Amino acid sequence: MIELKTVFAEYLPAKEKYGRVPRNVEIPALVEAIRKSIPRFFLECTESAGYASSEWLTKGSIGEPNRTFAHVPWVAIFKRSITKSALEGYYIVLLFSEDMSSVYLTLNQAFTAFETRYGSVDLAYRKLQDCAQQAVLELGPVSDGFTTGPIDLRTKGTLSTGYEFGSIWAKEYFVDKVPSQVELEKDIQILLQAYKTLWTKFPHSLVDANTEISNDEFVKAVEITVKTVPKSPATKGPQPPPPKVKSSGREVFSRSANVSARAISMSNGVCALSGGRGVHASFLWKKTGMTYVEAHHLIPFSKQDQFPHSLDVEENIVALCANCHRLLHHARADEKNEPLRRLWQLRKDDLVARGLVVELNELKKMYGKLAEED
């Protein structure tokens, strides 16, 4: 297909020459191929498969104008009822490797949706792969010429690495063996059928296809994330309850590793129960160099069903040394009372600003038995 050859030939020279995406008139052939010709061809493929063109949106990108070129240029086929954006849902997408040695036609997933759900890039990658594997099981035997599992786009970009882990079915074409228009259309038809099989069961996203997440996975994600997050809350004011995911075989509300990491970062490694009288006995965190502390939801996260607003906000997460954290989970009720009073006094006004109102006696009752995610 001549448009693929155009992208292979012109993308890297344009990227090297301009650095940032220039005006369309500076790179007319590249713009025509990525933003017009290939998307138009993709839309025609949906029509020849018997679908109404109004059900679909096709779009290509080399990056936003006057910003850096995309690590991996792409052209996607979105089913409008699932998504109209590369940031959500799942879709068929043509992905050029960063070194322009090959191009993949793949049924893939939006990395951003997973990063938003789990609050950690590393955990998002793992869950993308988990959900891709679940989708592969739903689809059954893979069609000839296609592969399952991660692909290799020869990239270091965060979003493009997400495409590597999120691939469900994919077929790779190399620069010295570009497919004909007939071959590419045939392969698109195969992916359209696979897409249809999935959307009957997952009408919006695959992020819920396999969301089993262990506490160890979550803690590891916090450890990785705490090194890079700002020392400030990610949001302000009351927030909607988080979505539910599976954990240890049961449905629970999803915690954000990003939010817990921010709360720890904001603590500067000081246990909230130290009362400003020095750092509680601990050790230096190998991952961060900070004094080791753990994130704890003051209003237990397992009580989210009782609150109209999210409990997973920085103001409701206190950083505690390991000993104080264990005390709140495992000590006798009479030994928990004074620490809870101090923490409630410290955070009650901040909680109100988040739409979270709880009296001290009510809070104490919640600590009869805490869940792992608290």
Side-chain angles (χ1 to χ4, degrees), residues 115-124 215-242 253-304 307 309-329 339-358 360 363 366-367 370 372-374:
E115 184 184 24
T116 300
R117 168 67 65 87
Y118 295 107
S120 157
V121 169
D122 183 66
L123 187 54
N215 193 59
D216 287 344
E217 281 183 311
F218 182 82
V219 170
K220 183 178 179 181
V222 171
E223 289 177 347
I224 293 171
T225 308
V226 74
K227 296 182 290 185
T228 58
V229 294
K231 294 178 181 290
S232 60
T235 59
K236 293 182 179 180
Q239 299 296 308
F253 286 96
S254 173
R255 297 171 290 172
S256 168
N258 183 282
V259 172
S260 288
R262 282 173 180 258
I264 288 175
S265 181
M266 290 162 63
S267 77
N268 292 313
V270 177
C271 175
L273 284 168
S274 67
R277 293 187 291 272
V279 177
H280 280 182
S282 188
F283 53 88
L284 291 183
W285 206 339
K286 181 172 68 174
K287 298 268 186 189
T288 66
M290 294 169 52
T291 301
Y292 178 80
V293 288
E294 298 173 346
H296 174 77
H297 288 80
L298 179 56
I299 302 175
F301 194 52
S302 59
K303 309 301 181 184
Q304 179 64 73
F307 291 83
H309 304 298
S310 177
L311 297 178
D312 197 35
V313 291
E314 291 85 354
E315 291 83 350
N316 188 45
I317 299 175
V318 291
L320 299 172
C321 68
N323 188 58
C324 288
H325 197 187
R326 297 300 177 273
L327 181 151
L328 290 182
H329 275 264
L340 283 175
R341 185 196 66 77
R342 289 166 57 193
L343 292 174
W344 175 79
Q345 191 70 37
L346 182 70
R347 293 293 180 94
K348 63 178 183 178
D349 291 339
D350 293 333
L351 291 174
V352 170
R354 289 290 200 164
L356 303 173
V357 179
V358 62
L360 179 58
L363 183 64
M366 295 178 182
Y367 276 72
L370 295 181
E372 187 177 51
E373 63 267 21
D374 294 324

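Excluded from the calculations below are hydrogen atoms, water molecules and symmetry mates; all remaining heavy atoms, backbone and side chain alike, are included. Note that this is a predicted model, so its numbers are computed, not measured.
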If you take all heavy atoms of His309 and Leu356, which pair is closest and at what distance? O-CD2, 3.7 Å
Quick one: does Ser310's side chain get under 4.5 Å of Gln304's, heavy atoms only? yes
pair Leu320-Leu273: side-chain heavy atoms closer than 4.5 Å: yes
For atom NZ of Lys231, decide whether the heavy atoms of other residues, nucleotides or ligands shown that lie under 6.0 angstrom number more than 12. yes
Output the distance between atom NZ (Lys348) and atom CZ (Arg341), rounded to the nearest 0.5 Å. 10.0 Å
Passing candidate, side chain to side chain contact (heavy atoms under 4.5 Å, CB included) with Pro300, options Leu311, Leu328, Leu363: Leu363
What's the shortest heavy-atom distance between Val293 and Ser267, and which atoms? CG2-OG, 3.9 Å
Any idea which heavy atoms bring Ser260 and Val222 closest together, and the distance? CB-CG2, 3.9 Å
Residue pair His297 / Asp312, side-chain heavy-atom distance below 4.5 Å: yes
Is there a side-chain contact between Pro233 and Met266 (heavy atoms, below 4.5 Å)? yes
Smallest separation among heavy atoms of Tyr292 and Ala322, with atom names: CE2-CB, 4.4 Å
Would you call the rings of Phe301 and Phe253 parallel, tilted or perpendicular, where under 30° means parallel and over 60° means perpendicular? perpendicular
Correct closest heavy-atom pair for Cys321 and Cys271 would be N-SG, 3.3 Å
So, taking the atom named NE2 in His329 and the one named CG in Leu327, what distance separates them when rounded to the nearest 0.5 Å? 10.5 Å
With rounding to the nearest 0.5 Å, note down the distance linking CG in Leu340 to CD in Gln345. 13.0 Å
Do the side chains of Leu298 and Ile317 get nearer than 4.5 Å, heavy atoms only? no
Taking all heavy atoms of Ile299 and all of Asn316, pick out the closest pair and write down the distance. N-OD1, 2.8 Å
Working to the nearest 0.5 angstrom, can you tell me the gap between Lys227 NZ and Ile264 CD1? 13.5 Å
Using modelled atom types and a 3.5 Å cut-off, is there a donor and acceptor pairing between side-chain atoms of Trp285 and backbone atoms of Glu223? no
Any ion pair linking Glu314 and Arg354 (charged N to carboxylate O, less than 4.0 Å)? yes
